[in-house]
Every structure is written in C-alpha cells, then in structure tokens.
Amino acid sequence: MSQPAQPAQPAQPAQPAQPAPPAQPARSAPPIIEVSGVTRRFGPVVALDDVSLQIAPGELVGILGPNGAGKSTLLSLVSGQRKPDSGTVRLCGLDPRDAAARTSLGLTPQETGLPATLKVREVVDYIGGHYPDPVPTAELLEQFGLGELAGRQTGGMSGGQKRRLAVALALVGRPSVILLDEPTTGLDVNARQVLWQAIRDYHASGGTVLLTSHYLEEVQALAERVVVVDQGVVRADDTMDAILEQVGVRRVVLHSAGLAVPGAAETRFPQVTRVQVSGDRVELFSPDADGFVRELVASGIDFHGLEVRGATLEEAFEQMVAAPTVRPAGTRAVSPSGSPAVRPTGAPAVRPAAAPARGEQR
Ligand SMILES: Nc1ncnc2c1ncn2[C@@H]1O[C@H](COP(=O)(O)OP(=O)(O)OP(=O)(O)O)[C@@H](O)[C@H]1O
C-alpha cells in the first residue's frame, strides 16, 4: 500500500556540497531516526506492531519485507505524514510532524505526483526554492542524467524518468536524511545504476539513507544494515553479513543423475531442506552442508561439479518471512500476497531482532 502521492518534502542544507570521505555511522551520536514501541493500525489491520528502530547519522539502512509488511507505513511515520497510535517517533530529536524536524528530510514516496504541465527545471526550481541553499538545478539534473530533459513538461516524461526526478527532488535541499520508498521500481538497469550511484554519493558525503526495496539485489548492493519487516513486526535487524550468517543455510550445487530423481535427495539425506532440479543439475539447501557432503561421498552416489556456497539475501529473506507471527485474533496484518514463502522443512529458525520466536504469543 502506498503513501499519499506528493512531491519530495522540504529539506534544509545540513551536509557539505562536496563529497566527503565515506561516512562512518556515528553510532555513539544520538540517533537521527528513533522509533520506539510504535504501533499503527488501519481499522482491524495492525500495520506496525510494537516496532522499535534506531538509525544513527550516516547509516544506509535497507528495509525489506513482502507486500503489506508495513514498510511504507513506517516511512510515513518517520516523515510525519502519519502519527502512531502508540509509541513515539523522533526525527533529528523532534516529532516529525513538527515542521522544524522535516527541514533536514528528503523524501521520495512510492508514488510521486509531479505537476504534469510544469517543466522539469521548473519543478526542481520550485522545490529547491523552499530551501536556503538548494543544489543548483542544472547540477542536480546532470547528476541524475536528466539534463537534456530540463525543458520538458513532466507529463511528457517516461515512468523511469519521473522516478529519477522524484529521487533527485529528495536531494535538492541537501537533506541530512533521506527516505526512499522503492526508489528504483520500474527503472531499467542503466537508470537504476545512475540512481544507485547518486545514493552512494549522497551517503559518502555523510547523508543518512533509509530505503525500502522489492529488489533484494538493490538492498544487497547498497545497504550496510538490513531491517526485515514482516506482518508489521521487525524480524531481523543486523548487518548484511550477519543476516546472511544468521540464516546459516548453504547452497550445494552438483550434477548427478541419481539425485535428480524427484524426492531422492530429501529422502536419502536428512540434512537437505530444499531441492531444485534442472536436468541432472541439482541445487540443494542445507543448514549442514558439510554433513550432507560427507554422507553423499559415503553413499557412493555418482556426482560431479560440486559447489558449496552461502545463501543469498533472497534465500535469507525467504527464511525470515516464512516463520509465522502469532497475533491476537482479528488484528493480524493482512498481506496482499497471502502467505509468505513456505519455510523449508527442517530449516533453522531465524532469531528475530525485535520479534517473538516462532510460536510465542505477543
Ligand atoms: N490507508 C490505509 N488504509 C487501510 N489499510 C492500510 C492503509 N495503509 C496501509 N494499510 C495496510 O497496512 C498494511 C501495511 O501496509 P504498507 O503499505 O505499510 O506495506 P508495505 O510493506 O509498504 O507494502 P508494499 O511493499 O506492497 O508497498 C497492509 O496490510 C495495508 O493493506
């Protein structure tokens, strides 16, 4: 579900114009974003359920979650567009509904309403005019590969071009923190690379980024820290490496006619939790890859081309959103996509960061 469509939010210069050395998150500094025990309901739906999150200045944090998880709701609370039913949200130490807090904020909502009859440069001038020291329009448009479109009405832009402009507008006021809700949805590979570079440059100059994405490779490429949200609950909150490590599942790839028979691997080897077969190529997932390989060798089954590697973020994510969260009857968040990924039999439970273990009552 989307936030209300609107242009980027006003922001204020809080960062130097020139790129500085890559930012080191100031973990000892007061959090620039602080969400404490926040619950937000929409009628019977609990979009966020007792969520707590602290983001230090200079962090680049990716929020992952399936459709309806509560990601956009979280951003709308941080940006002050909505208020929590309970709990508190602080942006730069202030209530984000206080305009003073939002002067240091740049925002790209999931759906952006650009005035169709205004030209691209006019929109940038207009938004930039709210700030004391905006990025010069030509410079900003060049950075986002939009220089040649400066004189075009926004109604004549492609979807991808509009998306690039929407992210550019979040940066025009030199904000100290930006919220990007699915910034590259609908973009082709080149346009996505341009935006990724702009986000990296902004972060390298000391900016704080909180972004949601459906593209796991985007979060993997950009974020230092990943927050996994599912059904309104934070299921994991850690560095990318720790998230991958936490899941502990490894992928074993090999070629074997004997194991390519449906059910053969799972039946024979208890360590195997999931199997994908394509011809004689077999991909197996196991929390105990070493044990599986030892037993495979001992079994005498013919195989070749063995590879073992860690799980991708996508696999880690599937594991995390697979564990159900128990809520009081009638208040469970509804995911439009229905049940999330099926948790593989025997897969290790992921210890959530701020959520109950599987089966615990909230
Ligand atoms: N204005 C609203 N009215 C009613 N229900 C809402 C509203 N906004 C959000 N919800 C519900 O709250 C839950 C969380 O929605 P939210 O948009 O935050 O999820 P999301 O993770 O951003 O999803 P997506 O990835 O699909 O954008 C969903 O069940 C959604 O249907």
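Quick caveat: nothing in here was measured; it's all calculated off a predicted structure. Just so you know, ligand 1 is whichever comes first in the structure, and atom 1 is the first atom listed for that ligand. Numbers here simply count residues along the sequence, with the first being 1.
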Q: Give me the ring orientation class for H255 and H304: parallel if the planes are under 30° apart, tilted from 30 to 60°, perpendicular past 60°.
A: parallel
Q: Is N67 touching ligand 1 with its side chain, its backbone, both, or neither, if touching means heavy atoms under 4.0 Å apart?
A: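 The part of N67 near ligand 1 is both the backbone and the side chain.
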Q: Just to verify, what does D85 make a salt bridge (charged side-chain N to carboxylate O under 4.0 Å, His left out) with, not counting sequence neighbours?
A: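 Once residues adjacent in sequence are excluded, D85 has no partner under the salt bridge (charged side-chain N to carboxylate O under 4.0 Å, His left out) criterion.
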Q: Polar contacts were defined as any N/O atom of the residue lying under 3.5 Å from an N/O atom of the ligand; does this apply to G68 and ligand 1?
A: yes
Q: Using a strict 4.0 Å cut-off to heavy atoms of P66, name the atoms of ligand 1 that fall inside it.
A: 21 (O)
Q: For ligand 1, which atoms, with element, lie under 4.0 Å from some heavy atom of A47?
A: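 Here the atoms of ligand 1 in question are 12 (O), 13 (C), 14 (C).
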Q: Can we say D238 and R225 salt-bridge, meaning some charged N sits less than 4.0 Å from an Asp/Glu carboxylate O?
A: no
Q: Is the closest heavy atom of G65 to ligand 1 under 4.0 Å?
A: no
Q: What do the steps show when you test L75 against L180 for side chain to side chain contact (heavy atoms under 4.5 Å, CB included), and what is the final call?
A: CA-CA 8 Å; L75 293 197; L180 305 175; over 6 Å; no
Q: For a 4.5 angstrom cut-off between non-hydrogen side-chain atoms, does V282 reach V252?
A: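 The answer is no; the side chains never approach within 4.5 Å.
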Q: Only pairs at least two apart or in different chains count here, so list each salt bridge (Lys or Arg N to Asp or Glu O under 4.0 Å) that has a residue in residues 120-129.
A: none
Q: Considering only heavy atoms, which of T73, D230, L77, D181 lies nearest to atom 18 (O) of ligand 1?
A: T73
Q: Numbering the atoms of ligand 1 from 1, which are under 4.0 Å from a heavy atom of E182?
A: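 In order of numbering, the contacting atoms are 25 (O), 27 (O).
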